[in-house]
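Read through the structure below, which is laid out as structure tokens, and then see the notes.
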Amino acid sequence: MSKIYIILMHTRTIPAKLIKLATRANYSHVALSFEKECNTLYSFGRRNIHSILNSGFTIEKKKGPFFQAFHQTTCKIYEIDIEEEKYQRIQKIIGEMARHKTRYKYDFIGLVFRYFKIPIRLKNHYVCSYFIANLLEESGVYAFSKKSYFVKPKDFENFAIGHEIYQGEYRKYES
């Protein structure tokens, strides 16, 4: 068995505050890590800490510029045991996306449509929760009771397959 980590976050950025206000959820962002320390995170979000316009597939480092700027980020971390074959599938998908990361964009248009429960899908466009839900579904790890397109960060809070290992400030988390 291998382990992956799902990290729910609230970064306290203006977009995060707007998402939190609209969803009335404690967390506005979700990411995945392969390490218990959660030093490297994979998700969809801003690629530049100063602008949300250049957003898409991201690989964030705990000690990188984003979390240095938004050091009050709070999180909840879930550990999930998965079969090695499924772990390898997730790594392969993320590896492929990392090699071609400029192809993948943040789905600003879809974000609005999702809010009104309208299923419009643009190729290679994701929001964080859709990306993680789709990744889990494609790899055979987990499928939500709704289409992955409509999964929100708060849907991970009642995650049947993971168990919570931490809640608090992200920068203070140590495994």
CZ on R12 to CD on Q72, rounded to 0.5 Å: 5.5 Å

Is there a chain of hydrophobic side chains (I, L, V, M, F, W, Y, each step under 4.5 Å between heavy atoms) that links F116 to V151? yes

Any side-chain to backbone donor/acceptor pair from R171 onto H71? Under 3.5 Å, distance only. yes

Taking the side chain as every heavy atom from C-beta outward, state whether E35 and Y5 have any atom pair closer than 4.5 Å. no

H29 vs F44 side-chain heavy atoms within contact, under 4.5 Å: no

Approximate separation, where rounding is to 0.5 Å, of K147 NZ and E137 CD: 8.5 Å

Can any side-chain N or O of D155 pair as donor or acceptor with the backbone N or O of K152 at less than 3.5 Å? yes

Reported CD-to-CD1 distance for the pair Q88 and I93, which is rounded to 0.5 angstrom: 11.5 Å

So, for E157 and Y78, which heavy atoms are closest and what is the spacing to 0.1 Å? O-OH, 3.1 Å

What I'd like to find out is whether the side chain of I7 reaches to under 4.5 Å of the side chain of S33, using heavy atoms alone. yes

Is there a side-chain contact between S148 and F131 in this structure, where contact means two heavy atoms from C-beta onward sitting under 4.5 Å apart? no

Are the charged groups of R89 and E138 less than 4.0 angstrom apart, N to O? no

In terms of hydrophobic clusters joined by side-chain contacts under 4.5 Å, are I52 and F57 together? yes

For the residue pair T40 / K61, report whether a side-chain donor-acceptor contact shorter than 3.5 Å exists. yes

Where the side chain of S51 meets the backbone of L53, is there a donor-acceptor pair that is under 3.5 Å apart? yes

Using only heavy-atom distances, determine whether the side chains of S2 and E84 contain a donor-acceptor pair under 3.5 Å. yes

Test side chain to side chain contact (heavy atoms under 4.5 Å, CB included) applied to Y42 and I132, step by step: CA-CA 9 Å; Y42 302 91; I132 299 296; 5.9 Å; no

Name the one of Y149, Y106, Y104 that satisfies side chain to side chain contact (heavy atoms under 4.5 Å, CB included) with Y126? Y104

Between the CE atom in M1 and the NZ atom in K86, the distance rounded to the nearest 0.5 Å is 8.5 Å

Ring-ring centroid check F156 F144, cutoff 6.0 Å: yes

F70 backbone acceptor or donor facing T73 side chain under 3.5 Å: yes

K36 and K3, any side-chain heavy atoms less than 4.5 Å apart: no

Salt bridge R99-E96, side-chain N to carboxylate O under 4.0 Å: yes

Using the rule that Ile, Leu, Val, Met, Phe, Trp and Tyr join whenever any side-chain heavy atoms are under 4.5 Å apart, tell me whether F34 and I165 fall into a single cluster. no

same_hphob_cluster(Y173, L8) at 4.5 Å side-chain heavy-atom cutoff: no

Under 4.0 Å between a Lys/Arg side-chain N and an Asp/Glu carboxylate O for R121 and D107? no

Using distance alone, with no hydrogens and no angle criterion, decide if S28 and H10 have a side-chain donor and acceptor under 3.5 Å apart. yes

Can you measure from CG (N26) to NZ (K154) and round to the nearest 0.5 angstrom? 10.5 Å

Is there a side-chain contact between I161 and Y142 (heavy atoms, below 4.5 Å)? yes

Taking atom CE of M9 and atom CD of E60, what is their separation to the nearest 0.5 Å? 9.0 Å

Run the side chain to side chain contact (heavy atoms under 4.5 Å, CB included) check on I6 and I77 step by step: do they pass? CA-CA 6 Å; I6 301 296; I77 300 174; over 6 Å; no

Working note: L135 + I94, criterion side chain to side chain contact (heavy atoms under 4.5 Å, CB included); need CA distance, chi angles, decisive distance, verdict. CA-CA 9 Å; L135 185 64; I94 286 180; 3.7 Å; yes

Is it the case that K62 places NZ or CZ above or below the six-membered ring of Y170, under 6.0 angstrom from the centre and within 45 degrees of the axis? yes

Do V141 and Y87 have side chains that approach each other closer than 4.5 Å (heavy atoms only, starting at C-beta)? no

Within 6.0 Å of CD in E174, more than 12 heavy atoms from elsewhere: no

Are there more than 12 heavy atoms of other residues, nucleotides or ligands under 6.0 Å from atom CD1 of I109? no

How about E83: does its CD atom have over 12 heavy atoms from other parts shown lying under 6.0 Å from it? no

Do L32 and L41 touch side chain to side chain, with heavy atoms closer than 4.5 Å? no

Got more than 12 heavy atoms from elsewhere within 6.0 Å of NZ, K92? no

Does the side chain to side chain contact (heavy atoms under 4.5 Å, CB included) test come out yes or no for C38 and Y166, once each step is laid out? CA-CA 11 Å; C38 296; Y166 178 78; over 6 Å; no

With a 3.5 Å distance limit and no angle check, can you tell me whether R46 reaches the backbone of I49 through a side-chain donor-acceptor pair? yes

Answer yes if F66 and I59 sit in the same cluster of Ile, Leu, Val, Met, Phe, Trp and Tyr residues linked by side chain heavy atoms under 4.5 Å apart, and no otherwise. no

